[in-house]
Amino acid sequence: MGQLFSREGAVALRNSVREKMGRGNELTTSLLLHFNKLHSIAERHDDKDIETLLLRQKEYEISLIGKKPDYPKDLPKFTPSSADKCDRELLFKTLKVEKDDITYPFQERWTRNSSAVHAAVQRDLLYAEKLLENPAFTVERVVSDNPLLNGLPAWEKNIQTYKIIEHNGVKFVVYGMMDGILRYKDGTRIGFEFKTKTNSISQLSPRQLKDAGESHKRQCVAYSILFGIDEFIILYESVAKDKWNANELAKEDLRAFYVKVTEEQRQKLLDKWARVAECYETGELIDGDNTKCLFCPFKTECAKHTGGIRQ
Ligand code: SF4
C-alpha cells in the first residue's frame, strides 16, 4: 500500500490538529468561564457608562430607520446567513422571486424571544468587561467619521458592510453584519457568533450537539470573507433551562465551539456564490438541493420547475 503522507507531513499534520485543538479549547473554555463568572456575580450593578453606550447604540439604530443600504443594486447579492442555503434558493432570492407567505404567530414569538436573548448577551459582554477582573474578552469598538457610530461596540448594524467580489469571472456583492468582534486577552480578533436553542435543554447535550452546525460554520466562512477574521467562537445557549433546584448538577445550557476558517473553505464558498451569480446573468436555472428545503420560502416556485419537492 502506498504512503499517503511522508513522515514529516504526518508529523506536521498532527501538530497542526493539536495546535488547533489546543487553541480552540483555550478560547472556548475562556469564553464559557467569562460568562459563568459574570453570571455568578449575585448583585448586578447598573453602570452609567455602559447604559449610556447602549442608549447611543439605540440612537444610531434609529438613525438608520428608513435608510437604504448603499451596495450596488445591479449585482447579485449574498449574505453570510444564507451561505449554506441551496443554490437554487439563493438564485430565487437574488431574482426576487415571490416567496411563499406562510408564517405562524408562534414562529414570530420564537424569533422575538431569540432576539431578546441576543440583546441580553450583548449587554452581558459589555458588563463582563467592566465587572470581571482581567476579562479574557473585550468587545472591539468601531472607529468611524460618523459621530453617532464612532466608539460603538463592533457588532450587528454597527459593522454592517459590503464587499464587491469578482470571482471566476463574475461579479457579486457580499453584504452583511455579524454578532460581534471580540478581542481576546492575547490581542487577537475573534469573531463571535451567538445561537439560541429554544425547544429543550437536551438540544445542547453532547449527544445531540456534537459540533457547531454545518450552516453556522459556513456562516463563519462568509464572515471571514467579509470581515477578514479567521477565528470564531460559536456560542449556543439553550433558552430552556434545567429545573431551578438542579443547582450544580444542572445540565449545560451554554456550549461553545471554535472554528478556524481556511483559505480552501473561503474559495469553496466563493465558487458557490459565483455559480449562482453566473446563473443570475445567464438566466439558467441552477440545481436545487432537496436536503435544504425546510426553511426555504420558494417551495411553490421551485415545484413548478421540478414537478415536486420534498418538504
Ligand atoms: S424548495 Fe428546496 S430545492 Fe427548491 S429552491 Fe428551496 S431549498 Fe432549493
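Any value given below was found using the heavy atoms of this structure, including those in side chains, with hydrogens, waters and symmetry copies removed. Atoms within a ligand are numbered from 1 in the order they appear, just like the ligands themselves.
- A distance below 6.0 Å separates the ring centres of His216 and Tyr236.
- With rounding to the nearest 0.5 Å, the separation of OH in Tyr280 from NZ in Lys77 is 11.0 Å.
- Put simply, Cys296 stays out of reach of atom 8 (Fe) of ligand 1, with no N, O or S atom under 2.8 Å from it.
- Comment: Arg275 does not engage Glu278 in a salt bridge, judged by the lack of any side-chain N to carboxylate O separation of less than 4.0 angstrom.
- Atoms of ligand 1 lying under 4.0 Å from any heavy atom of Asn290, numbered from 1 in the order shown and given with element: 3 (S).
- For atom 7 (S) of ligand 1, the nearest non-hydrogen atom from the set His305, Lys292, Arg88 belongs to Lys292.
- Using a cut-off of 4.0 Å between Lys/Arg side-chain N and Asp/Glu carboxylate O, Lys292 and Glu89 are scored as not salt-bridged.
- In this structure, Phe78 and Trp273 have parallel ring planes: the angle between them is below the 30° cut-off, well short of the 60° mark.
- If you number the atoms of ligand 1 from 1 as listed, the ones under 4.0 Å from a heavy atom of Cys302 come out as 1 (S), 3 (S), 4 (Fe), 5 (S).
- Close contacts of ligand 1 with Cys86, meaning ligand atoms under 4.0 Å from a residue heavy atom, involve 3 (S), 5 (S), 7 (S), 8 (Fe).
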